Student: 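Just passing along the structure, written as structure tokens.
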Amino acid sequence: MEYDVAAVEAKWQDLWERERIFYTTEDAERPKYYNLQMYPYPSGDLHMGHLRNYTYVDLLTRYRRMQGYNVLSPMGWDSFGLPAENAAIATGIHPREFTERQILRMKSQLRRLGAVYDWSRELACHTPEYYRWDQWLFLKLYERGLAYKSRSAVNWCEQDQTVLANEQVVSGACERCNSPVTRRDLSQWHFRITEYADRLLQDLEGLDWPERVKTMQENWIGRSEGSEFTIEVADGQGEFEVYTTRPDTIFGMTFAVLAPEHPLVEQLVAGGEHEDDIRSYVEKVSSASELERMTTGEKSGIFLGRYGINPANGRRVPLYIADYVLMGYGTGAIMGVPGEDQRDWDFATQRGLRILRTVKPPPGFEGEAYVGEGVAINSGFLNGLPTAAAKQRIIAWLEEKGIGRRAIKYRLHDWLVSRQRYWGCPIPMINCDSCGLVPVPEKDLPVIHPDVEEYRPKGQSPLALVADWVEVDCPRCGAAGRRETDTMDTFVDSSWYFLRYCDAGNSERIFDDDKVKYWMAVDQYIGGVEHAVLHLLYARFITKVLYDMGYSPAEEPFTRLFTQGMLVKDGAKMSKSRGNVVTPEPYYERYGADAIRLYELFIGPPTDDAVWIDGGVEGTARFLDRVWRLGMGEVGSVSDREPDRRDHAILGVAHRALRKVTADIDRFHFNTVVSTLMALINEVIAYLRGGGRTETFRQVYQMLLLMLGPLAPHLSHELWERLGYGGILATQPWPKWDEEIAREETVVMVLQVNGKVRDRAEVPVDIDEATAEQVALRSPRMQRWLEGGRIARVITRPPRIVNVVVE
RNA sequence: GCCCGGGUGGCGGAAUGGGUAGACGCGCUGGACUUAAAAUCCAGUGUCGCAAGCGACGUGUGGGUUCAAGUCCCACCCCGGGCACCA
């Protein structure tokens with residue numbers, strides 16, 4: 001009988017949804033399993049690359065369900081963001097309309113794949129029901145001093161006409177549009193993520209995450225230990241702080257450098273003889289793009305015409321400004337120690353500054369700066385001390401003098417969350433001339449996102465043009481006030497949505513305590529590695545804040561993280577912008593969703609990038625076709641004969657396959673799950689050709705369908721029903737293997753002479769060493785290689801291998 | 001420059017602790033069925049030598065440890081990713 005792909009798939013997709021098979025509520029009786037993928041931006045059409053990820057998640061949902069877990073697998077939409085807005089600029093269609101249309105399309109495509117979710121929990125962050133809680137969250141952070149507005153140099157994307165967080169600048173360019181990022185001095189909203197730097201770093205340890213991602217976060221947070229101390233400017237012109245990880249080298253400081261944006265610079269320059277030159281240098285540097293500043297060649301800089309005092313030895317050292325010193329890190333000023341720092345060495349040699357070694361380099365050292373550890377020299381009272389001891393000693397001395405202290409610095413910056421764009425959540429703050437910044441009262445939430453005429457960004461949010469929205473009375477004094485017109489970074493939306501899924505419909509609270517307590521944390525989180533220092537860091541931060549506030553029961557949101565590889569075609573990641581996408585439609589029509597799913601699983605290890613091969617789906621379709629014909633009785637024959645060793649053998653094969661499939665799903669080796677099932681069916685076909693037994697076949701085939709259920713659900717559900725196995729496949733328990741049946745009775749033992757395979761013998765699995773040795777020595781083929789030699793040793797590893805060593 | 005991954009047939013890949021290298025699939029070759037094609041089925045398919053039972057070689061390169069190395073150690077080459085003047 002023909003397998004009608006379209007009809008069968010539609011039938012089961014309909015049933016799963018109608019019967020709400022994968023909808024769920026809290027149930028204390030069953031262990032919970034919160035299975036989640038990073039919610040998608042509703043970009044419209046899914047290509048094969050997307051389907052790979054959805055297949056993994058769906059496989060897990062179905063598999064854990066069969067294992068008896070109460071599985072929560074929700075779906076929602078990261079629906080604020082630039083693409084909808086850019087489309088609006090191009091077409092005039094309102095981003096809301098555009099977005100909602102895309103959501104519907106994507107839902108139908110997920111359904112077509114056979115992906116199942118608890119749709120009763122669907123959320124979309126562009127809806128007031130959702131973003132109202134973004135705003136509530138913002139207010140809570142503000143109350144706790146974790147949200148603040150301040151003026152500083154920020155990253156500005158000229159193309160998108162908005163500021164960007166540090167995490168969104170990749171090699172000096174905008175993460176979204178890839179155009180160069182410049183610096184601007186602007187007053188912007190930040191979240192104080194740096195306050196959580198230490199906890200974010202420390203708690204990484206307990207997470208079952210890929211090492212790679214943990215390392216990326218570790219580096220991004222960039223904790224360093226050292227000390228800071230004060231340098232006085234000669235002739236009473238002020239003082240400034242420097243930070244160093246090598247205070248032990250302080251005697252080697254022969255100059256000092258301030259960042260061009262350092263606040264003291266203005267004071268030091270005013271009235272000085274090089275005033276104009278210095279000002280134009282500062283001008284030049286600060287207007288340069290990140291990319292231009294990131295040169296690694298010649299270090300630019302200029303002498304300030306002033307001197308500082310090295311506190312260790314009282315010597316006068318020249319003060320410079322240079323662009324290799326960054327205002328955003330440490331104190332924005334450094335001591336220049338050319339002997340022990342390569343950057344300072346470069347700067348000093350380019351200008352003929354004095355170089356003094358204060359750590360003794362190892363014999364034969366021929367490099368420039370010596371950055372390793374060693375014994376202090378030319379360092380007054382530190383002389384003779386090894387680096388670690390010298391550090392202790394000098395810090396104690398600085399503290400005693402009251403000019404320095406131990407210090408810890410992070411590379412992590414506070415998270416810049418305001419954006420000058422339209423399609424995002426409005427920041428719930430009001431500016432009042434007399435009260436200053438006033439939060440919108442909680443009862444007035446949500447601050448509804450207004451419609452606008454003009455979406456084009458012009459350096460401020462298009463919301464600023466909606467006068468009757470902007471102009472409000474100050475909630476505190478009643479005078480005329482103006483709303484904040486910036487919107488929030490969409491990463492704010494995504495930093496807590498997984499909590500909202502636990503209680504998505506709640507209109508009274510952000511979510512119910514008991515519900516989040518039951519479901520959190522996410523047991524398995526799946527997404528792309530590109531979010532390692534973006535979403536995955538922000539989500540951890542916000543979860544910790546909510547935990548501290550008593551809202552989240554979990555301090556860490558994602559217990560286990562899996563980052564899948566991308567799908568590659570023609571040497572590049574499959575993506576719309578590269579124009580190398582493979583659309584699933586023709587494959588759905590020819591082979592069906594199950595064949596696509598199976599090939600996505602089979603294509604390679606889920607962690608690795610995989611190359612799309614057009615003919616690949618044909619292989620998995622052929623496999624499914626064989627499964628079908630087998631179930632329909634079109635292969636071989638069965639009868640009600642007595643069981644014999646053929647039955648025993650095929651049952652062993654099936655139970656071993658089950659054991660391997662279970663282990664391989666657990667360790668995310670989905671590609672070998674598929675190959676194991678293929679190997680199983682090849683064996684079953686051979687078995688049936690040799691005359692199968694009705695009951696044995698039934699047992700084996702049931703196991704096969706149960707294993708195939710999470711992978712190729714439509715076909716396996718249909719067969720399960722047609723063969724009258726009872727109930728719906730999805731709700732059957734995952735089968736158990738019997739070690740006794742799975743045990744192999746005989747195995748092929750390898751016989752080697754001097755490590756080379758010379759023969760093989762079928763032997764009982766429980767063969768002992770002595771017998772194994774005899775088998776090897778008696779083999780005629782082995783004897784040919786043993787003749788004339790003296791047997792020095794025989795290594796037996798029964799029942800695997802016997803290696804005879806001859807001389 | 002530093003920190004992670006990774007180099008296995010024509011291709012995707014397999015080989016949890018050192019123990020049959022190449023499972024499974026794609027592709028290709030030959031055959032069966034067919035008037036023909038498609039579909040399906042059967043056989044073959046790492047390289048070299050051989051008519052063949054067989055032998056030699058073979059997991060990026062060069063060394064090493066071991067009875068035995070894709071797997072462990074040392075050095076190097078190449079590819080991918082992350083960070084990149086962070087004091």
Side-chain angles (χ1 to χ4, degrees), chain A residues 170-172 210-216 218-220 222-224 226 228 242-246 249 257 259 293-297 299 322-326 328-337 340-344 346-347 371 409-413 529-530 532-533 565 568 598-599 602-605 607-620 622-623 625-626 629 634-635 660 663-664 667 669 671-682 685 689 747-757 759-760 781 784 792-797 800-806:
Chain A
V170 177
S171 317
E211 267 327 298
R212 181 161 70 121
V213 176
K214 292 210 249 184
T215 308
M216 280 163 76
E218 220 172 281
N219 293 341
W220 191 260
R223 184 180 196 273
S224 91
E228 34 182 45
V242 295
Y243 171 73
T244 175
T245 53
R246 291 298 300 274
T249 63
V257 188
R293 260 185 91 155
M294 282 190 344
T295 57
T296 43
K299 290 184 170 28
D323 69 350
Y324 82 96
V325 175
L326 311 172
Y329 182 75
T331 58
I334 60 156
M335 62 174 189
V337 188
E340 280 79 36
D341 184 291
Q342 188 60 43
R343 294 155 301 188
D344 294 346
D346 293 342
F347 191 76
V371 299
K409 297 284 176 201
Y410 300 93
R411 296 158 89 139
L412 183 69
H413 286 57
V529 72
E530 66 273 15
V533 291
V568 170
L598 226 42
Y599 181 57
F602 189 53
I603 194 165
T607 39
D608 294 5
D609 291 349
V611 181
W612 179 263
I613 306 284
D614 280 325
V617 183
E618 226 164 295
T620 54
R622 264 199 277 253
F623 162 73
D625 192 45
R626 282 198 287 265
R629 294 203 315 269
E634 291 169 19
V635 179
K660 180 160 170 60
D664 282 358
R667 60 181 188 145
H669 284 208
N671 52 332
T672 55
V673 170
V674 178
S675 51
T676 303
L677 292 177
M678 286 172 164
L680 171 60
I681 204 158
N682 291 346
I685 288 170
R689 292 236 167 91
V747 292
V748 174
M749 185 168 73
V750 172
L751 309 179
Q752 296 182 326
V753 175
N754 288 341
K756 287 194 189 290
V757 180
D759 198 7
R760 289 155 222 262
R781 289 187 186 204
R784 276 179 35 206
R793 290 170 71 181
V794 180
I795 285 131
T796 49
R797 293 286 178 276
R800 274 235 161 90
I801 204 160
V802 175
N803 186 13
V804 181
V805 186
V806 293

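A note on names: the letters A, B, ... follow the listed sequences, proteins ahead of strands, and every chain is numbered from 1. Just so it is clear, the model here is predicted, and its values are computed rather than measured.
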Student: Between B:U45 and B:G80, how far apart are the two P atoms, rounded to whole Å?
Tutor: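 Per the computed distance, 36 Å lies between those P atoms.
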Student: Categorize A:Q752 for me: base, sugar-phosphate, or nothing, with a 4.0 angstrom heavy-atom threshold over every strand shown.
Tutor: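 Base, at least one base atom sits under 4.0 Å.
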Student: Whether A:R622 contacts B:G27 is assessed here as follows: a side-chain N or O lying under 4.0 Å from the phosphate OP1 or OP2. Is that the case?
Tutor: yes
Student: Where does B:G5 land, syn or anti, given syn is within 90° of 0?
Tutor: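 This nucleotide is in anti.
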Student: If you restrict it to nitrogen or oxygen atoms, what contacts under 3.5 Å exist between nucleotides 13-15 of chain B and the protein, and what is each distance?
Tutor:
| unit_1 | atom_1 | unit_2 | atom_2 | d |
| --- | --- | --- | --- | --- |
| B:G13 | O3' | A:N671 | ND2 | 3.4 |
| B:A14 | OP1 | A:N671 | ND2 | 3.0 |

Student: Taking the side chain from A:H669 and the backbone from A:P605, do they hold a donor-acceptor pair closer than 3.5 Å?
Tutor: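 Not a single qualifying donor-acceptor pair exists.
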Student: If you only use heavy atoms from C-beta on, which nucleotide in B:U16, B:A87, B:C54 is closest to the side chain of A:A663?
Tutor: B:U16
Student: Name the residue closer to the 5' end of RNA chain B, choosing between A:V674 and A:V533 according to the nucleotide with the nearest heavy atom.
Tutor: A:V674
Student: Without decimals, in angstroms, what is the distance between A:I685 CD1 and B:C24 C1'?
Tutor: 14 Å
Student: How far, in whole Å, is B:C54 from B:U61 if one measures between their P atoms?
Tutor: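 Per the computed distance, 29 Å lies between those P atoms.
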Student: Is it the case that the base of B:C67 and the side chain of A:N803 share a donor-acceptor contact (distance under 3.5 Å, atom types as modelled)?
Tutor: yes
Student: Ignoring hydrogens and geometry, is there a side-chain-to-backbone donor-acceptor pair from A:N803 to A:T796 under 3.5 Å?
Tutor: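 Checking the backbone N and O of A:T796 against the side chain of A:N803, no donor-acceptor pair under 3.5 Å is found.
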Student: Among the nucleotides B:U20, B:A87, B:C83, which one has an atom lying closest to any side-chain atom of A:R760?
Tutor: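 Closest nucleotide among those given: B:U20.
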Student: Quick one: is A:R781 getting a side-chain N or O under 4.0 Å of the B:C54 phosphate, OP1 or OP2?
Tutor: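 Yes, within the criterion.
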Student: Would you classify A:R223 as touching base, sugar-phosphate or nothing, given that sugar-phosphate means primed atoms plus P, OP1 and OP2, and contacts are heavy atoms under 4.0 Å?
Tutor: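 No contact at all - A:R223 keeps every heavy atom at 4.0 Å or more from the nucleic acid.
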Student: Just wondering, do A:I685 and A:R626 contact through their side chains at under 4.5 Å, heavy atoms?
Tutor: yes
Student: In whole angstrom, give me the gap between the C1' atoms of B:A68 and B:C76.
Tutor: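 So the two C1' atoms sit 26 Å from each other.
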Student: Should A:Q752 and A:V750 count as side-chain neighbours, where that means a heavy-atom distance under 4.5 Å?
Tutor: yes
Student: Is the phosphate of B:G82, meaning OP1 or OP2, less than 4.0 Å from a side-chain N or O of A:R212?
Tutor: no
Student: Could you measure between the two C1' atoms, the one in B:C4 and the one in B:G12, and give it in whole Å?
Tutor: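 Approximately 25 Å lies between the C1' atom of B:C4 and that of B:G12.
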Student: Let's see if you can work this out: which of B:C24, B:G19, B:A87 has an atom nearest to the side-chain heavy atoms of A:T244?
Tutor: B:A87
Student: Describe, in one word, how the ring planes of A:W612 and A:Y599 are oriented to each other, choosing from parallel (under 30°), tilted (30 to 60°) and perpendicular (over 60°).
Tutor: perpendicular
Student: How many whole angstroms separate atom CD of A:Q342 from atom P of B:C85?
Tutor: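 Distance, rounded to whole Å: 15 Å.
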Student: Using whole Å, report how far CG of A:L677 lies from P of B:C24.
Tutor: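 Those two atoms, CG and P, are 14 Å apart.
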Student: Which stems, defined as runs of 3 or more consecutive Watson-Crick or G-U wobble pairs with both pairing distances under 3.5 Å, involve RNA chain B?
Tutor: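 The stems that RNA chain B takes part in, listed by first number, are B:1-7 with B:77-83, B:10-12 with B:24-26, B:27-32 with B:40-45, B:46-49 with B:54-57, B:60-64 with B:72-76.
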Student: Decide yes or no, distance alone: a donor-acceptor N/O pair under 3.5 angstrom between the base of B:G19 and the side-chain of A:R797.
Tutor: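 When only heavy-atom distances are counted, A:R797 does reach the base of B:G19 through a donor-acceptor pair under 3.5 Å.
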Student: Under a 4.5 Å cut-off applied to non-hydrogen side-chain atoms, are A:V805 and A:V794 in contact?
Tutor: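 A side-chain contact is absent here, since even the closest heavy-atom pair is not under 4.5 Å.
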Student: Taking syn as any angle within 90 degrees of 0 and anti as the rest, which one fits B:G64?
Tutor: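 Anti for B:G64; the angle lies over 90° from 0.
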Student: Do A:I795 and A:V802 come close enough that some side-chain heavy atom pair is under 4.5 Å?
Tutor: no
Student: Want to settle it: does A:I795 or A:T215 sit nearer the 5' end of RNA chain B, counting the closest nucleotide to each?
Tutor: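 Closer to the 5' end of RNA chain B: A:T215.
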Student: Rounded to the nearest Å, what distance is computed from the CE atom of residue A:M216 to the C1' atom of nucleotide B:G81?
Tutor: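 After rounding, the reported distance stands at 8 Å.
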Student: Quick one: A:W220 CH2 to B:G82 C1', roughly how many Å, whole number?
Tutor: 11 Å
Student: Calculate the interatomic distance between A:Y599 atom OH and B:C26 atom P; express it in whole Å.
Tutor: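 About 11 Å, once rounded to whole Å.
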Student: Do A:V753 and A:D759 touch side chain to side chain, with heavy atoms closer than 4.5 Å?
Tutor: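 Result no, sub-4.5 Å side-chain heavy-atom pair not found.
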Student: Base, sugar-phosphate alone, or nothing: which one does A:S224 contact when heavy atoms must sit under 4.0 Å apart?
Tutor: sugar-phosphate
Student: Can you tell me, in whole Å, how much space there is between the C1' of B:G81 and that of B:G17?
Tutor: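 Comparing C1' positions in B:G81 and B:G17 gives a spacing of 30 Å.
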Student: A:S224 vs A:Y243, test: side chain to side chain donor-acceptor pair (under 3.5 Å). Steps then yes/no.
Tutor: CA-CA 10 Å; A:S224 91; A:Y243 171 73; 2.7 Å; yes
Student: When we call it a touch if two heavy atoms are under 4.0 Å apart, what does A:K756 touch: a base, just sugar-phosphate, or nothing?
Tutor: sugar-phosphate
Student: Just compare B:C85, B:C67, B:G25 and give me whichever is closest to any side-chain atom of A:R793.
Tutor: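 Minimum distance to the A:R793 side chain belongs to B:C67.
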Student: In whole Å, what separates the P atom of B:G70 from that of B:A15?
Tutor: 16 Å
Student: Side chains of A:K409 and A:E228: closer than 4.5 Å at any heavy-atom pair?
Tutor: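 They are in side-chain contact.
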Student: What is the separation between atom CG on A:N754 and atom C1' on B:U66, rounded to the nearest whole Å?
Tutor: 13 Å
Student: Any base atoms under 4.0 Å from A:A532, or only sugar-phosphate, or nothing? Heavy atoms, all strands.
Tutor: nothing
Student: Can you check the distance between B:U71 and B:G82, where both ends of the measurement are the C1' atom (answer in whole Å)?
Tutor: 27 Å
Student: When the C1' atoms of B:G6 and B:G60 are compared, how many Å lie between them, rounded to an integer?
Tutor: 11 Å
Student: Check every atom of B:A84, B:A87, B:G25 against the side chain of A:R411 and return the nucleotide holding the closest atom.
Tutor: B:A84
Student: Any side-chain N or O of A:R629 less than 4.0 Å from the OP1 or OP2 oxygen of B:C41?
Tutor: yes
Student: Looking at B:G18, I'd like to know if its phosphate oxygens (OP1 or OP2) sit under 4.0 Å from a side-chain N or O belonging to A:R800.
Tutor: no
Student: Measure from CG on A:D344 to C1' on B:A87 and round the result to the nearest Å.
Tutor: 7 Å
Student: What's the shortest heavy-atom distance between A:V371 and A:E340, and which atoms?
Tutor: CG1-O, 3.4 Å
Student: Is the shortest heavy-atom distance from the side chain of A:V673 to the side chain of A:K660 under 4.5 Å?
Tutor: no
Student: Can you find a heavy atom in the side chain of A:R246 that is under 4.5 Å from one in the side chain of A:D341?
Tutor: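 In short, these two side chains do not touch, never coming nearer than 4.5 Å.
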Student: Out of B:C67, B:C41, B:C85, which nucleotide sits closest to the side chain of A:R689?
Tutor: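 Closest nucleotide to the A:R689 side chain: B:C41.
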Student: Would you say A:Y243 reaches B:A87's phosphate, i.e. side-chain N/O to OP1/OP2 under 4.0 Å?
Tutor: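 Looking at the OP1 and OP2 atoms of B:A87, neither is under 4.0 Å from any side-chain N or O of A:Y243.
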